[in-house]
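All ligand and atom numbering here is 1-based and tracks the order in the structure. All values reported here derive from a predicted model rather than from experimental measurement.
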Amino acid sequence: MIAGRVTGLREMFDAGVTKPVAWRRRQLEGLRRLLLDRATELETALFDDLGKSPVESEVTEIGFLVAEIDHTLKNLKRWLRPDRVPAPAALLPASARVMREPLGVVLVIAPWNYPVQLLLGPVIGALAAGNAVVAKPSELAPATSALLARLVPQYLDPRAVAVVEGAVCETTQLLDQRFDHIFYTGNGTVGRIVMAAAVKNLTPVTLELGGKSPTFIDEGVDLKAAAKRIVWGKFLNAGQTCVAPDYLLATKQVAAALEPHLVAAVREFYGDDPASNPDYGRIVNDKHFTRLTGLLGDGRIALGGWDQADAKTRYLGPTILMDVPRDSAVMAEEIFGPILPVVTVDSVDDAIGFIRCGDKPLALYVFSDSARVRRRFLTETSSGGVGFGVPAAQLSVAGLPFGGVGESGMGAYHGEWSLDTFSHRKAVLSKRLTPDTLQLIYPPFTEGKEKLIRRVLRRLS
Ligand code: NAD
């Protein structure tokens, strides 16, 4: 069944169905209509899966994708224009250009935390580039998965776009098929499974993974303002955001001064009882709830923690842990939930050294008024992206590539970067047969010719 589905898509791709720019635009317009016509149903599904508030769904999923589609529709013609490059003098007269061609049939595998954005975001790029697509939503966001499986065929060309629902078994079957690109978002363990499966057909992969994104708060910054930004980025989607600040680094003095501002920002955003606040989400499932509550034993609980944990509703309140030891469990893995540990450092050097000891993160955030300090973090650490003064928002800038490095992933997307990811850049050289300016390089290589070649080619190249 899955094999037949992929074969059907390949036949459509081979028949040229997906290549015309008009077809691509129609798909993007269809997707835009889906998002706008069915916004309420999507918001309901996101609430069922993650307790996501409709406003948060609008900002981080639906509106986000509409903006990405609009940006793509506006620029597609320009992006698809071949890039002319100069031909070397020895080849003249000739012209050289780079043209983007679709790859073929691509597979997009999405996670549960932003189940609309992270499925349809890559699909936008894949369609804009002229590919046929199999989109595999996460089984851990079942309401959203079922809804997208129902809606996508109503708005997009079902001959060339398929949604295949399922869990490990179905994804394994998909990975047994030959694709021309696999775009995976999720954890690194499955990322390795995806990459291993891609090897047999030399299929290129994009891996959008996660990790512990550090946040440094320097002395002298406006701590009240910084705390609001951090609390917003951390507790959005109940902390289940790949680019959320995973932990804070600050000197003892800064950490002590920051603590009341963090607590105040949580209260301002979610009130004294976040459990009854419709703007605060829920943990996706029992497994993750148990994993997260297992991380509450480290440091001193300044807010939230056990008093704010209810297994029945999978509610875990915004939790702030102070004085967290560097070797504690909460610092050993990506938290991916509403727990914010604060680790003290001696200095900027100490903070940079600590970050460099870990895997390269998806994002690094720095709150500092000092250009020198910001530059040091920028040049002395490596991460997928950097945010100065604001977390998570870098991925809303359409002109910036979004992706990781090292353990946080490979490849990137959004805007024109998506088009690059889902296209082959074909090198094209055109040279007329007459006049034949290449006679010099044809054999036989007489002594005179050799001398001339060495003299002329070296000067021309
Ligand atoms: P998940 O459990 O939904 O898994 C992701 C996808 O992999 C799903 O579609 C699932 O069906 C599939 N899958 C799971 N096990 C598989 C297996 N054994 N074989 C084949 N396919 C399998 O999501 P997750 O991994 O829990 O997502 C959270 C992780 O993703 C975090 O580490 C987070 O940082 C990362 N993430 C990264 C980004 C990014 O853009 N870089 C975005 C969101 C999440």
Side-chain angles (χ1 to χ4, degrees), residues 2 49-50 60-61 64 68 107-123 125 134-145 148-149 163-177 179 182-198 205-213 233-234 236-246 283-289 291-292 332-337 359-363 383-385 391-392 394-396 400-414 417-418 421:
I2 281 181
D49 286 332
L50 291 150
T60 64
E61 307 246 22
F64 180 97
E68 174 80 1
L107 171 63
V108 174
I109 304 174
W112 50 267
N113 61 329
Y114 289 87
V116 181
Q117 187 207 129
L118 298 175
L119 185 78
L120 299 183
V123 167
V134 176
K136 215 299 284 174
S138 175
E139 71 281 14
L140 300 187
T144 311
S145 174
L148 289 173
V163 176
V164 173
E165 284 192 279
V168 176
C169 170
E170 292 77 5
T171 318
T172 306
Q173 284 180 51
L174 278 170
L175 289 172
D176 279 342
Q177 313 306 310
F179 288 97
I182 303 176
F183 189 105
Y184 166 81
T185 306
N187 68 75
T189 306
V190 177
R192 284 167 169 80
I193 294 173
V194 168
M195 198 162 173
V205 294
T206 302
L207 300 179
E208 296 280 341
L209 311 178
K212 290 182 89 62
S213 295
K234 178 69 189 190
L236 186 73
N237 201 25
Q240 301 163 114
T241 302
C242 58
V243 288
D246 187 89
I283 304 308
V284 66
N285 60 21
D286 294 342
K287 191 176 137 210
H288 280 284
F289 183 85
R291 178 183 66 78
L292 287 164
E333 57 174 91
E334 179 184 7
I335 298 168
F336 218 58
D359 293 329
K360 292 181 180 181
L362 185 57
S383 56
Q394 70 276 16
L395 65 85
S396 67
L400 289 178
F402 177 54
V405 56
E407 282 287 322
S408 56
M410 61 181 73
Y413 74 127
H414 288 176
W417 304 92
S418 289
T421 288

If we number the atoms of ligand 1 from 1 as shown, the ones under 4.0 Å from a heavy atom of Phe402 are 40 (O)
Of Val243, Thr241, Leu209, the one whose closest heavy atom lies nearest atom 37 (C) of ligand 1 is Leu209
One should read off an interatomic distance between Thr421 OG1 and Phe402 CZ, to the nearest 0.5 angstrom, of 12.5 Å
Ligand 1 atoms nearer than 4.0 angstrom to some heavy atom of Thr171 are 11 (O), 20 (C), 21 (N)
Of all protein heavy atoms, the one nearest atom 42 (C) of ligand 1 is Cys242 SG, 3.0 Å
Is Glu68 reaching over with its side chain to a backbone N or O of Phe64, donor-acceptor style, under 3.5 angstrom? no
In terms of heavy-atom contacts, Gly166 and Lys136 come closest through O-NZ, 2.7 Å
Taking distance alone, with N or O pairs closer than 3.5 Å, would you say Ala167 contacts ligand 1? no
Quick note on ligand 1: atoms under 4.0 Å from a heavy atom of Asn187 include exactly 24 (P), 25 (O), 29 (C), 30 (O), 32 (O)
query = Do Met410 and Val205 come close enough that some side-chain heavy atom pair is under 4.5 Å?
reply = yes
(Q) Tell me if the centroids of the rings in Tyr413 and Phe183 come within less than 6.0 Å of each other. (A) yes
Residue, atom and distance of the protein heavy atom nearest atom 28 (C) of ligand 1 read Phe336 CE2, 3.6 Å
**Message:** Pairs of nitrogen or oxygen atoms closer than 3.5 Å, one from Thr172 and one from ligand 1: do any exist?
**Reply:** no
If the threshold is 4.0 Å, N to carboxylate O, is there a salt bridge linking Arg291 and Glu334? no
Hey, does the side chain of Ser418 reach the backbone of Gly125 with a donor-acceptor pair shorter than 3.5 angstrom?
-> no
Under 4.0 Å between heavy atoms, the region of Ser408 that gets near ligand 1 turns out to be neither
Ligand 1 to Ile109, heavy atom cutoff 4.0 Å, flagged ligand atoms 6 (C), 7 (O), 9 (O)
In this structure, OG1 of Thr144 is separated from CG of Leu118 (nearest 0.5 Å) by 11.5 Å
- Task: Please determine if Asn113 has a nitrogen or oxygen closer than 3.5 Å to a nitrogen or oxygen of ligand 1.
- Result: no
Any heavy atom of Leu362 under 4.0 Å from ligand 1? The part involved is side chain
Residues Leu209 and Leu362: closest non-hydrogen pair is O-CD2, 3.5 Å
heavy-atom search around atom 10 (C) of ligand 1 in the protein gives Glu139 OE1, 3.4 Å
With heavy-atom distances below 4.5 Å as the criterion, would you say the side chains of Pro391 and Pro245 are in contact?
yes
> Parallel under 30°, tilted from 30 to 60°, perpendicular over 60°: which one fits the rings of Phe336 and Trp112?
Replying inline: perpendicular
query: Out of curiosity, is Tyr114 lining ligand 1, as in a heavy atom under 4.0 Å away?
result: no
Atom 34 (O) of ligand 1 sits nearest the protein heavy atom Glu334 OE2, 2.6 Å
Numbered in order shown, the ligand 1 atoms found under 4.0 Å of a heavy atom of Gly186 are 25 (O), 27 (O), 29 (C), 30 (O), 35 (C)
Q.
What I want to know is whether His288 and ligand 1 share at least one N or O pair that is separated by under 3.5 angstrom.
A. no
For Gly210, the ligand 1 atoms with a heavy-atom partner under 4.0 Å come out as 34 (O)
Closest to atom 3 (O) of ligand 1 among protein heavy atoms sits Ser138 OG, 2.6 Å
In this structure, atom 9 (O) of ligand 1 is nearest to the protein heavy atom Ala110 O, 2.7 Å
Per side-chain contact (heavy atoms from CB on, under 4.5 Å), Ile109 is matched among Leu119, Leu174, Leu175 by Leu175
Short version for Leu118: what comes under 4.0 Å of ligand 1, heavy atoms counted, is side chain
The closest protein heavy-atom partner of atom 15 (N) of ligand 1 is Val190 CG2, 3.4 Å
Below 4.0 Å from any atom of ligand 1, is there a heavy atom belonging to Gly404? no
Atoms of ligand 1 under 4.0 Å from any heavy atom of Thr185, numbered from 1 in the order shown, are 5 (C), 37 (C), 38 (C), 39 (C), 40 (O), 42 (C), 43 (C)
Just by distance, do the side chain of Asp359 and the backbone of Gly406 share a donor-acceptor pair under 3.5 Å? no
*Is there a donor-acceptor pair under 3.5 Å between the side chain of Thr241 and the backbone N or O of Val243?*
no
closest protein heavy atom to atom 1 (P) of ligand 1 is Trp112 CD1, 3.5 Å
In ligand 1, the atoms that come under 4.0 Å of a heavy atom of Ile193 are 18 (N)
Heavy-atom donor-acceptor pair, Ser145 side chain to Ala141 backbone, under 3.5 Å:
no
